[in-house]
Amino acid sequence: MDNKPAITYELLHVCKQSGARRGVIHTPHGDIQTPIFMPVGTQATVKAMTPDELKEMVEAQIILSNTYHLFLRPGHELVKEAGGLHKFMNWDRPILTDSGGFQVFSLGDLRKIKEEGVEFRSHLDGSKQFISPEKAMEIEEALGADIIMAFDECCPYPSTYEYTKKSMERTTRWAARCKEAHTTTDKQGLFGIIQGGFYKDLREQSAKDLIEMDFPGYAIGGISVGEPKEEFLDILRHTTPLMPENKPRYLMGVGTPDYLIEAAIAGIDMCDCVLPTRIARHGTAMTTHGKLVVRNAAYERDFTPIDPECDCYACKNYTRAYIRHLINTKEILGVRLLSIHNLRFLTKLMDKVRIEIENDNLLTFRDEFYKNYGYTKEN
RNA sequence: GGGCAGGUGGUCGAGUGGUUAAUGGCACCAGACUGUAAAUCUGGCCGCGAGAGCGUACGAUGGUUCGAAUCCAUCUCUGCCCA
């Protein structure tokens, strides 16, 4: 196990104003400039986007995919047979696969948690499926992403101290089993996931135990699950400093502009979220001046771009009135244009965040951004 | 000219004497969405009112009845068939 690790982190600069990190993550499929926002492509596709669009229009550096969903369909063996996930979906940049831990949370009614693993009743056909830490590793290795996540439990909010503690300790035991089962360490970096809900001592315990296991990167899981923003920030700010400085820090499931900026300030390097693509499908855009529900009647005759300050393909070529028309008539193009815009909006936001870190100016940038976006306070 | 079937809220369409301001679909209006069971879900959708409520309303008019979108009469309009 002394071969070169698949994933390494290089710290380039720390923002003197905010403490945010500017860095690079080296992966087998290229470098990732951080802090970064990662679009989510659960079923081996970022919904409505081609890989070319993700590269050229969105300028995505890395995308996510999902172990649980690909395990059910088309099956990890099939993806392996196709030559791995990169080849299967025609994406040659880095990929990160989530382990199915989020499905333990989101498929709450359909699963049973045991020490050995989680029994799921498939949401597709009701069939019984079992995912253990070892199984998750088998699937993730077959898929072949650059970064793979340990199998964890994402606790609901709120959860009692007792439940959260038991869950966190089990997640830690599962992390050890994932590490033990993980064989492709030269090609894939396995990240541990810090849990502990909204209890600081549990977060500390989780971080300590996982760090002892020496993963090539660490994630914060189990926040941004419906809690108030103050609690989110509190746990974020408490947990991030516990994470190693020489390894990537990943905050799972965060995707509103304010949360992304706060995450960077807290010292996070990576975030992912379904939000930009989901709200695009539901007719909403993120803009410099806040959320814009394009399908609303107010934009029926608005012949200006979604965001006049945006340079994306959708904003350069189409009006609110046209995109509203496409969304309201359920035309695929509407969803595509909004997805391009929202994803580009967030990747560009992170471009700016990286520049402002280099300029030691991130707090000033945040305040300015909030003012434009319409946030009244930062917390 | 004769026969038959019908005219219900933006629209399509239930309802055939009271619990009906009137099921449902669509359209429309708004909200939610944060490691995707999500091109989904929730709410609103006659007028006025914060609300209790009030006022109008099922082609038109008149009638029966304690009570009618529902029954009767006449008129009117639409579709189909026959001449």
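A quick note: this is a predicted structure, and the numbers were derived from the prediction, not measured. Labels below follow one simple rule: chain letters A, B, ... track the order of the sequence lines, proteins then strands, and each chain is numbered from 1.
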With no hydrogens and no angle check, do the side chains of A:Y322 and A:N317 hold a donor and an acceptor under 3.5 Å apart?
no
For B:A27 and B:A21, measure between their P atoms and round to the nearest Å.
28 Å
What does nucleotides 30-37 of chain B look like as a protein-contact string, B for base, S for sugar-phosphate only, - for none, at under 4.0 angstrom between heavy atoms?
BBBBBBBB
Looking at A:R324 and A:N296, would you say the former's side chain and the latter's main chain have a donor-acceptor pair under 3.5 Å?
yes
Enter the distance from A:E231:CD to A:S224:OG here, rounded to the nearest 0.5 Å.
12.5 Å
Please determine, for B:A5, whether a Watson-Crick or G-U wobble partner exists with both distances under 3.5 Å, and give it or none.
B:U78
What interatomic distance, in whole Å, is found between P of B:A5 and the corresponding atom of B:G9?
23 Å
A:K80/A:E141 salt bridge by N-O under 4.0 Å criterion:
no
Side-chain (A:R22) to main-chain (A:T34) donor-acceptor, under 3.5 angstrom
yes
Separation between the P atoms of B:G1 and B:G18, rounded to whole Å:
39 Å
Using atom P of each nucleotide, how far apart are B:U23 and B:G15 to the nearest Å?
13 Å
Using purine N1 to pyrimidine N3 plus N6-O4 or O6-N4 for Watson-Crick, or N1-O2 and O6-N3 for G-U wobble, each under 3.5 Å, what pairs with B:A68?
none
Show your reasoning for whether side chain to side chain donor-acceptor pair (under 3.5 Å) applies to A:E309 and A:N372.
CA-CA 11 Å; A:E309 291 167 50; A:N372 286 326; 5.5 Å; no
Gap in Å between the two P atoms, one belonging to B:A52 and one to B:C45, rounded
12 Å
What interatomic distance, in whole Å, is found between C1' of B:G53 and the corresponding atom of B:U34?
43 Å
With C1' as the reference atom in both, quote the distance from B:A68 to B:G63 in angstrom, rounded to an integer.
12 Å
Which base, if any, makes a Watson-Crick or G-U wobble pair with B:G35, both distances under 3.5 Å?
none
Which whole-number value in Å describes the distance from A:I327 CD1 to B:C28 P?
13 Å
Could you give the CG-to-P distance, from A:L338 to B:U40, as a whole number of Å?
15 Å
Using the P atom as the point on both nucleotides, what is the distance between B:G51 and B:G59, in whole Å?
30 Å
Partner of B:A83 by Watson-Crick or G-U wobble geometry, both contacts under 3.5 Å, or none?
none
A:H123 vs A:H69 aromatic rings, parallel, tilted or perpendicular, using cut-offs 30° and 60°?
perpendicular
Given the options A:R93, A:Q188, A:H86, A:K187, A:D146 meets side-chain hydrogen bond (donor to acceptor under 3.5 Å, both in side chains) only with A:H86
Mutual orientation of the aromatic rings belonging to A:F345 and A:F369 [parallel < 30°, tilted 30-60°, perpendicular > 60°]:
tilted
Hunt down the Watson-Crick or G-U wobble partner of B:U42, both distances under 3.5 Å, from any strand shown, or write none.
B:A30
Going by number, which of residues 131-144 of chain A have a non-hydrogen atom under 4.0 Å from RNA chain B?
none
Any strand counts, and the cut-off is 3.5 Å on both contacts for Watson-Crick or G-U wobble. Which nucleotide pairs with B:U23?
none
Nearest atoms (heavy-atom pairs only) where A:R336 meets A:A48:
NH1-O, 2.8 Å
